[in-house]
2 protein chains.
Amino acid sequence: MAKENKSRYAVLGMLSTEPMSGYDIKKAIENSVANFWNESYGQIYPILKQLADAGLTTSHTEKQEGKPERYVYTLTDKGREELLHWLAEPVEHAVERNELLLKLFFGHEVSVTTSIEHVRQFRMLMAALLQKYTGIIAYLNEHCMDAPDMLYRRITVSYGLHRTQALVQWCDETIELLQQMSGRDQSRPDK
Amino acid sequence: MAKENKSRYAVLGMLSTEPMSGYDIKKAIENSVANFWNESYGQIYPILKQLADAGLTTSHTEKQEGKPERYVYTLTDKGREELLHWLAEPVEHAVERNELLLKLFFGHEVSVTTSIEHVRQFRMLMAALLQKYTGIIAYLNEHCMDAPDMLYRRITVSYGLHRTQALVQWCDETIELLQQMSGRDQSRPDK
DNA sequence: CGTGTCATGTAATCAGTTACATGATTCA
DNA sequence: TGAATCATGTAACTGATTACATGACACG
C-alpha cells in the first residue's frame, strides 16, 4: 500500500514503446500526452537513475559526433511487469483544483465585468484547444488508423474534445447570465 | 511577479464572508468549494498565522465551556484589498494531470477489458457527481435565489454539470468503441 | 554573433498531504 | 466503552518546479 509515484509510471510507459534517453522522454511526452500529463527534467533524470538501480531498466551510452553523449534506457522484463501491474490497478481519482472557479465563487466581491472577463479568457483558451483537438482527430483518422495504439491515442483526444466542447458551452451560458446580471444590478460599478 | 500561493487566497476568500476559525474554514470549504478546491489543516493553520503577521487579518479568542478555545480571524481592510487584487488578476491555467488518461494511453499494453473497466469505474464516479450536482442546482433554485452570491455558486456547479455530462457521454462512446475492438481482436486475452 | 537545439544533471525551494499529539464532551 | 465532534497545531515526508551549471554545434 505504499504511496506510488505516478511520474515513475509515466517514464516507464514512455520507455515501453522504445528505448529512450531522458531528453527523448521529455520530447515524447510533449508530443503525445502533454494535454494531460507533463514531466520536468528535474523529475525525469532522477527517476531514470532509480529505475536503473531497481533493475527496471538497463542503460547504455551512445556516442555521437559533435553532440553530447546519450544515455539510452531500455525496459527490462521486470520493468514491463511493473508497468503492467500499475496499468491494471484501479485509477486513483483526486479532486483537481480550479483557480477559475475559485475566483468566480468569490465573484460577488468584485465587479461583474471582472468575472465576465475571466470567463472570456477561459473561453478563448478552450476555443484554441478545440481547434487543436479536432486537428489531431482529423490527422489520426487520415493516417495510421491501422496501428493499435492509435486507438488509445484517439480515446484520450476524444476525452479532451468532449470536455472542451462542454466547457465552451458553459462559458457562453455563463457570460450571458452575467451580462443579464450586470444590466440589472448597478451596485458595483467598474473600477 | 512573485509566485503566489493560491491557498492564501482560498483562506482570505472564506474569511471575506464572515470571521472564522481554522476549523470553521475547513468546514466551510468542504461544503462550498470542495468540488474544485480543498485545503488541509496542515495548510490552513500556518497560513492563518502568516496572514495575521502580515496584517491581513486580526484574531481574537473565544472561550467556550466544555470545548476548546477558538481563534477567530477577521479580515482587515488590507486583507480584503489583497483578495480583491488577486480576484481581478487573470487566472493562471495549469495543465492538470489525468491518471485515467495516462493509463488508457498505454492501453495497448494490457487487455481491452482492463481499459474498459477503468472507464466503467470512472463512469460510475461521474454518474454519482451528476446526481450530486443536479441536487445542488435544484436546491439553489428553490431556496435563496435572491442572495447575490448564490448566482456565483450556481455558476460553479453548472461548470461541474456541463463537464460531467460530457464525460459520461465520452465514457459511453469509449466503452462501446473498446467493446467493438475486443470483439475483433483476440490477440491479448484477459488475465 | 546570438539564438536554438542537443544533452545531462543538481540544488534550492515551494506546495501539499499525512501522521502525530493533545484533550474534553457527547451520543449510542 | 468506544467513536465522533470540537479544536489547534507541528513535523516529517513526498512531489514538483525552477534556476543553475556546462558545453558544442548549426543556422541565419
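Quantities reported herein were computed from a predicted structural model and do not represent experimental measurements. First the proteins, then the strands, lettered A, B, ... as listed; each starts at 1.
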How many Å lie between [atom1] on [X] and [atom2] on [N], as a whole number?
| X | N | atom1 | atom2 | answer |
| --- | --- | --- | --- | --- |
| Gln50(B) | dT8(D) | CD | C1' | 16 Å |
| Glu39(B) | dT8(D) | CD | P | 16 Å |
| Tyr41(B) | dC6(D) | OH | P | 9 Å |
| Ile47(B) | dG9(D) | CD1 | C1' | 14 Å |
| Ile44(A) | dG15(D) | CD1 | P | 16 Å |
| Leu48(B) | dT8(D) | CG | C1' | 11 Å |
| Lys26(B) | dC6(D) | NZ | P | 12 Å |
| Tyr45(B) | dA11(D) | OH | P | 16 Å |

Just distance, no hydrogens or angles: give the donor-acceptor pairs under 3.5 Å from side chains in residues 117-126 of chain A, sequence neighbours left out.
residue   : atom : partner   : partner atom : Å
Glu117(A) : OE2  : Gln121(A) : NE2          : 3.0
His118(A) : NE2  : Leu87(B)  : O            : 2.6
Arg123(A) : NE   : Asp172(A) : OD1          : 2.6
Arg123(A) : NH2  : Asp172(A) : OD2          : 3.3

Quiz item: Sequence neighbours excluded, which residues qualify as salt bridge (charged side-chain N to carboxylate O under 4.0 Å, His left out) partners of Arg153(B)?
Solution: none
Quiz item: Which is true for Lys49(A) with a 4.0 Å heavy-atom rule: it touches a base, it touches only sugar-phosphate, or it touches nothing?
Solution: sugar-phosphate
Exercise. Could you tell me whether a side-chain N or O of Thr114(A) sits under 3.5 Å from a main-chain N or O of Val110(A), the two making a donor and an acceptor?
Key: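 Judged by distance alone, no pair lies under 3.5 Å.
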Quiz item: Can you find a side chain N or O atom of Ser21(A) that sits less than 4.0 Å from OP1 or OP2 on dT8(C)?
Solution: yes
Exercise. Establish, with yes or no, whether the OP1 or OP2 oxygen of dA16(D) is under 4.0 angstrom from a side-chain nitrogen or oxygen of Arg97(B).
Key: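 Yes, such a contact exists.
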Given [options], identify the nucleotide with an atom nearest to the side chain of [X].
| X | options | answer |
| --- | --- | --- |
| Gln43(A) | dT17(D), dA7(C), dT17(C) | dT17(D) |
| Ser7(B) | dC6(C), dA7(D), dG16(C) | dG16(C) |
| Tyr23(B) | dG16(C), dT8(C), dT8(D) | dT8(D) |
| Tyr71(B) | dG16(C), dT8(C), dT8(D) | dT8(D) |
| Lys27(A) | dC6(C), dA7(D), dT10(D) | dC6(C) |
| Asn5(A) | dT8(D), dG9(C), dG15(D) | dG15(D) |
| Ser40(A) | dT8(C), dT18(D), dT10(D) | dT18(D) |

Quiz item: Which residue lies toward the 5' end of DNA chain D, Lys6(A) or Glu69(B), if each is placed at its nearest nucleotide?
Solution: Glu69(B)
Practice problem: Scan for salt bridge (Lys or Arg N to Asp or Glu O under 4.0 Å) pairs involving residues 36-52 of chain B, sequence neighbours excluded, and state none if there are none. | Solution: Arg97(A)-Glu39(B)
Quiz item: With sequence neighbours excluded, what pairs up with Glu69(A) under the side chain to side chain donor-acceptor pair (under 3.5 Å) test?
Solution: none
Quiz item: Hey, are Glu109(B) and Arg80(A) close enough for a salt bridge, meaning a charged N less than 4.0 Å from a carboxylate O?
Solution: yes
Practice problem: Tell me which of Arg70(A) and Pro46(A) sits closer to the 5' end of DNA chain C, going by the nucleotide each one is nearest to. | Solution: Arg70(A)
Practice problem: For Tyr152(B) and Ser115(A), work out which heavy atoms get closest and say how close. | Solution: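 Distance-wise, the nearest heavy atoms are CE2-OG, 3.8 Å.
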Practice problem: Measure the angle between the two terminal helix axes of the helix from dC1(C)-dG28(D) to dA28(C)-dT1(D), five base pairs each, and quote it to 10°. | Solution: 40°
Self-check item: Residue pairs fulfilling ring-ring contact (aromatic ring centres under 6.0 Å, His included) with at least one residue in residues 24-53 of chain B, sequence neighbours excluded
Solution: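 Matches after skipping sequence neighbours: Tyr41(B)-Tyr45(B).
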